Amino acid sequence: MKTYGRKVLASMTVLSMLMCGPVAAEDQSGPIKIVVTGITDADFIANVYATFLEQQGFEVERIKADYAAQFVGLEAGDLDFSTSIWETSRDIFDAALATGDVVNMGATGVKIREGWWYPTYVEEVCPGLPDWKALLETDCVEALSTIETSPLARFVEAPADWTTNNVARVKSLELPYSLESTGTPAALHAAIVGPMQRKEPVIGWGFAPDWMTTEYEGKFVEFPDFELDCINDPAWGADPNEIWDCDNPAGYVWKVAHAGSEAKFPRAARILRLFQLKTDDVAWGVRRVDVDGVDSIEAATEWLAENADITADWAL
């Protein structure tokens, strides 16, 4: 989805354009164009904001865009607001802000993390976790191996169209692990949750916000802390000839606006600045969509109905 994290397929399609009641006088008429990316957690955040605007009487148009392509649209003014800019794509985030055409509207309050994740009981066969060096121990590798991967351990990798940097990480840190890619987020969850339900050793790609890392007791492996030199200077870190001998960056999900859109829709922009969610809120939304099969807009509507005390502050 991001430079150091997940990616989504490029597309630009209008998902919806709804109108409800009179728009505040200070905001111009016309639809407010809000980015959705086709990724559950990002779209839940976007739909909470978009649906709240609709409830306030604004006309909203949800535009589906590739994560990286949205910055071009925001700079050009083809898109008004985005609620899902990951800290992990700080390079293109900062480049967009540097143009002066994109404005940082603050953090959403949603903390993010991506990386190697395991259920806590795996520490019984891999003592020393969450320190990454425990993954090198023979007993740990054997416990996490399968008939198909032996003598390597099995790592449940994210879908192929996500960017995890694990190929480089395995090479630079000489991790004896076979990256077994999953086709979809549902397949990723199933490949990790199934063994957990049987209390079998398993390790794979985890991320937050997400229902799996919220509902199950587990931890992220602690690799060397991320620094820009880790990906820019091979001499940094454990292997002087390779990059990505470090963890993925962590941080927050941010909100941005096209500079002209803040002037065009001042009240909607003010709501965006006040708009806040918690990581657990988004994990709940992801579960409603991915597990319960609820439409993302419907899940957002449910959340808004149950949290009127929180949303009241957004419209001040």
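Everything numeric here is computed off the predicted structure, so don't read it as measured data. By convention here, the first residue in the shown sequence is residue 1.
- Checked by atom type and distance alone, the side chain of T51 pairs as donor or acceptor with a backbone atom of N47 at under 3.5 Å.
- Applying the ring pair (Phe, Tyr, Trp, His ring centres under 6.0 Å) test to F81 and every residue at least two apart in sequence or in another chain returns nothing.
- Using modelled atom types, no side-chain atom of S261 and backbone atom of A257 make a donor-acceptor pair closer than 3.5 Å.
- Atom OG1 of T108 is separated from atom CH2 of W86 by 8.0 Å, given to the nearest 0.5 angstrom.
- Atom CD in Q70 sits 7.5 Å away from atom OG in S84 (nearest 0.5 Å).
- Looking at residues two or more places apart in sequence or on another chain, you find a ring pair (Phe, Tyr, Trp, His ring centres under 6.0 Å) between Y49 and F275.
- With sequence neighbours left out, the salt bridge (charged side-chain N to carboxylate O under 4.0 Å, His left out) criterion links E222 to R113.
- The salt bridge (charged side-chain N to carboxylate O under 4.0 Å, His left out) contacts involving residues 176-203 comprise R198-E200, where partners must be two or more places apart or lie in separate chains.
- Atoms CD1 and CH2, on I192 and W205 in that order, are 10.5 Å from each other to the nearest 0.5 Å.
- Partners of E75 by salt bridge (charged side-chain N to carboxylate O under 4.0 Å, His left out), not counting sequence neighbours: none found.
- Legend: residues meeting side chain to side chain contact (heavy atoms under 4.5 Å, CB included) with D139, ordered by chain and number and at least two apart, are E142.
- With K111 contributing its side chain and G251 its backbone, the two residues share no donor-acceptor pair below 3.5 Å.
- Sorted by first then second residue, the disulfide bond (SG atoms under 2.5 Å apart) pairs that include residues 190-259, not counting sequence neighbours, are C230-C246.
- Among residues two or more places apart in sequence or in another chain, the ring pair (Phe, Tyr, Trp, His ring centres under 6.0 Å) test is passed with W211 by H189.
- The ring pair (Phe, Tyr, Trp, His ring centres under 6.0 Å) check on F265 picks up nothing, with sequence neighbours excluded.
- A donor-acceptor contact shorter than 3.5 Å is absent between the side chain of T182 and the backbone of A187.
- Remark: aromatic rings of W116 and F223 are close, center separation under 6.0 Å.
- The salt bridge (charged side-chain N to carboxylate O under 4.0 Å, His left out) contacts involving residues 225-242 comprise K171-E242, where partners must be two or more places apart or lie in separate chains.
- Within the structure, side-chain hydrogen bond (donor to acceptor under 3.5 Å, both in side chains) pairs that include any residue of residues 122-133 comprise Y118-E123, E123-K219 (at least two apart or interchain).
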Let me see the working for F58 and F52 under side chain to side chain contact (heavy atoms under 4.5 Å, CB included), right down to the final yes or no.
CA-CA 9 Å; F58 290 96; F52 183 76; over 6 Å; no

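- When atom types are taken as modelled, the side chain of N248 and the backbone of E114 share no donor-acceptor pair closer than 3.5 angstrom.
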Taking distance alone, no hydrogens or angles, what donor-acceptor pairs closer than 3.5 Å link side-chain atoms of residues 300-310 to residues at least two apart or in another chain?
{"from": "T301", "atom 1": "OG1", "to": "I297", "atom 2": "O", "distance (Å)": "2.8"}
{"from": "E302", "atom 1": "OE1", "to": "R288", "atom 2": "NE", "distance (Å)": "3.0"}
{"from": "E302", "atom 1": "OE1", "to": "R288", "atom 2": "NH2", "distance (Å)": "3.1"}
{"from": "E302", "atom 1": "OE2", "to": "R288", "atom 2": "NH2", "distance (Å)": "2.8"}
{"from": "W303", "atom 1": "NE1", "to": "D281", "atom 2": "OD1", "distance (Å)": "3.4"}
{"from": "N307", "atom 1": "ND2", "to": "W303", "atom 2": "O", "distance (Å)": "2.7"}

